[in-house]
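Below is one structure, written out as structure tokens; the observations come after it.
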Amino acid sequence: MEVKRKPFQGVLNILSFNRHFYVFGLVALTLIITSHILFSWSNILYSIILLSFIYGLLMPLIVSAYVYDFSGYYNFNWLKKFNLTDSKDTKILNINAGFDETSFIIKSLFPQSDLKVYDFYNSNQHTEPAIIRARKVSLVYPNTQQIISNFIPLKDNSVDYIFLLSAVHEIRSQDEKVQFLKECHRVCKSTGSVIMVEHLRDFPNFVAFSIGFTHFFSKKIWQRAFTEAGFSSCNETKFTPFMSVFNCCP
């Protein structure tokens, strides 16, 4: 199945999945403008607050459009440098948090490989409104299997490549993250690798998402989680200033 992305699909997804944030922001913006008209408070303070709100509403959309619609993220050109093998003996695992935009693309890039897709979403533990909405419109790859985050139903050392693409930050607990990555370590071959893509809790993402950058985790937290899970190496490279690609080996 060939998946063609619509123009501005990335930024439209952000708007749709986080509409509660934008509704609140627009209501707050309306109240600020109304209060200034009614009470004529300081023009300087009004301008600062107004520009701050507008920045907070627009900048995440601009950055999301850049990352998800114009950077080539979904072309997967960033993956070529890892020189991954495509053969009938190659086993690939793509794990998502209930929103899957990548499995059909991965299969098109590795047509000979055996691709399995797992979804670790748990409605009791992963309660972010955005992911709940995203699940309702997500494509479902054939035979996608629902799993729990602390158990991957595969044999030890059975998978060549594991993809974790903008998914694992939905696991908010550090202990749960470590347990999940331990399972990835268990099923990954010693010659294999885990490819994880995430926004980080860093300065560029603070500039992009302001307080929303707290939804992500820092490079230090990710590296500690992979180390605690038993990975021998975990190298980070940047894909745009706002996204990091981690290539981690057992």
Side-chain angles (χ1 to χ4, degrees), residues 10-11 13-14 17-18 59-60 63-79 81-82 84 92-103 105-106 117-122 125-128 130-131 134-135 138 149 152 161-185 188 193-229 231 233-249:
V11 71
N13 283 343
I14 298 296
F17 303 156
N18 297 281
M59 185 56 71
V63 171
S64 296
Y66 164 58
V67 171
Y68 296 109
D69 295 312
F70 296 104
S71 70
Y73 173 63
Y74 289 101
N75 295 335
F76 276 67
N77 289 331
W78 51 268
L79 189 63
K81 62 186 173 184
F82 298 116
L84 305 187
I92 298 177
L93 181 57
N94 188 30
I95 305 179
N96 65 72
F99 182 58
D100 184 4
E101 288 191 302
T102 59
S103 290
I105 300 173
I106 291 171
V117 180
Y118 291 160
D119 170 5
F120 64 70
Y121 173 77
N122 182 316
Q125 293 175 283
H126 312 138
T127 57
E128 291 285 337
I131 194 61
R135 283 180 60 80
S138 176
S149 61
I152 297 175
Y161 311 123
I162 301 176
F163 288 99
L164 310 173
L165 306 179
S166 298
V168 191
H169 67 271
E170 299 297 345
I171 300 177
R172 307 309 296 172
S173 162
Q174 180 71 1
D175 288 340
E176 187 185 354
K177 279 199 290 291
V178 172
Q179 289 303 314
F180 171 72
L181 293 175
K182 282 183 177 180
E183 278 296 285
C184 292
H185 182 275
C188 190
S193 61
V194 173
I195 307 293
M196 184 181 78
V197 178
E198 286 286 350
H199 291 280
L200 296 182
R201 190 181 297 180
D202 57 11
F203 183 72
N205 281 292
F206 173 72
V207 172
F209 301 105
S210 62
I211 193 65
F213 91 135
T214 59
H215 183 59
F216 310 120
F217 296 98
S218 68
K219 176 181 176 180
K220 183 178 180 180
I221 285 178
W222 284 121
Q223 289 182 326
R224 187 174 73 206
F226 275 102
T227 299
E228 291 179 12
F231 285 82
S233 66
C234 194
N235 298 313
E236 179 221 12
T237 56
K238 299 299 290 186
F239 172 73
T240 79
F242 308 102
M243 295 192 81
S244 291
V245 181
F246 292 85
N247 180 24
C248 303
C249 300

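Every heavy atom of this structure was used, including side-chain atoms; hydrogens, water molecules and symmetry mates were not. Residues take their numbers from the sequence shown, with the count starting at 1.
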Drop me the distance from [X]'s [atom1] to [Y]'s [atom2], to the nearest 0.5 angstrom.
{"X": "Phe120", "Y": "Glu183", "atom1": "CZ", "atom2": "CD", "value": "13.5 Å"}
{"X": "Cys248", "Y": "Phe231", "atom1": "SG", "atom2": "CZ", "value": "6.5 Å"}
{"X": "Met196", "Y": "Ile95", "atom1": "CE", "atom2": "CD1", "value": "12.5 Å"}
{"X": "Cys184", "Y": "Phe163", "atom1": "SG", "atom2": "CZ", "value": "12.5 Å"}

Check: [Y] and [X] side chains under 4.5 Å, non-hydrogen atoms:
{"X": "Arg172", "Y": "Phe217", "result": "yes"}
{"X": "Leu164", "Y": "Leu181", "result": "yes"}
{"X": "Ile105", "Y": "Phe76", "result": "yes"}

Can you see whether Tyr121 engages Glu170 through a side-chain donor-acceptor pair at a distance of less than 3.5 angstrom?
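Not at all, the side chains of Tyr121 and Glu170 share no donor-acceptor pair under 3.5 Å.
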Could you tell me which non-hydrogen atom of [X] sits nearest to which non-hydrogen atom of [Y], and how far apart they are?
{"X": "Gly72", "Y": "Trp78", "result": "O-CD1, 4.3 Å"}
{"X": "Ile171", "Y": "Ser149", "result": "CD1-CB, 4.2 Å"}
{"X": "Ser64", "Y": "Pro60", "result": "OG-O, 2.7 Å"}
{"X": "Ser193", "Y": "Leu84", "result": "OG-CD2, 4.5 Å"}
{"X": "Asp202", "Y": "Phe213", "result": "O-CD1, 3.5 Å"}
{"X": "Ala208", "Y": "Met59", "result": "O-CG, 3.3 Å"}

Trace of the side-chain contact (heavy atoms from CB on, under 4.5 Å) decision for Asp100 with Asn94
CA-CA 9 Å; Asp100 184 4; Asn94 188 30; 3.9 Å; yes
Results of side-chain hydrogen bond (donor to acceptor under 3.5 Å, both in side chains) for His199 - residues two or more places apart only
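Result, side-chain hydrogen bond (donor to acceptor under 3.5 Å, both in side chains) vs His199: Tyr68, Asn205.
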I need the single residue from Phe180, Phe216, Trp222 that forms a ring pair (Phe, Tyr, Trp, His ring centres under 6.0 Å) with His169. Which is it?
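Of the listed options, the one satisfying the test is Phe216.
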N/O donor-acceptor pairs under 3.5 Å from side chains in residues 233-245, not counting sequence neighbours:
residue, atom, partner, partner atom, Å
Glu236, OE1, Lys219, NZ, 3.0
Glu236, OE2, Ser244, OG, 2.5
Thr237, OG1, Lys81, NZ, 3.0
Lys238, NZ, Ser244, OG, 2.9
Thr240, OG1, Phe242, N, 3.2
Thr240, OG1, Met243, N, 3.4

Worked verdict on Val168 versus Phe246 for side-chain contact (heavy atoms from CB on, under 4.5 Å)
CA-CA 12 Å; Val168 191; Phe246 292 85; over 6 Å; no
Test log, rule side-chain contact (heavy atoms from CB on, under 4.5 Å), inputs Glu228 and Arg224:
CA-CA 6 Å; Glu228 291 179 12; Arg224 187 174 73 206; 3.3 Å; yes
I'd like to know whether Ile106 forms a side-chain contact (heavy atoms from CB on, under 4.5 Å) with Leu165, so could you lay out the CA-CA distance, the side-chain angles of the two residues, the decisive distance to 0.1 Å, and finally the verdict.
CA-CA 11 Å; Ile106 291 171; Leu165 306 179; 4.2 Å; yes
Donor-acceptor check, side chain of Arg201 to backbone of Phe206, threshold 3.5 angstrom: yes or no?
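No.
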Sidechain-backbone polar pair: Asp119 side chain, Gly98 backbone, donor-acceptor under 3.5 Å:
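Here the side-chain-to-backbone pair exists.
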Taking only residues two or more places apart in sequence or in another chain, which ones pass ring pair (Phe, Tyr, Trp, His ring centres under 6.0 Å) with Tyr161?
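With sequence neighbours excluded, Tyr161 shows a ring pair (Phe, Tyr, Trp, His ring centres under 6.0 Å) to no residue whatsoever.
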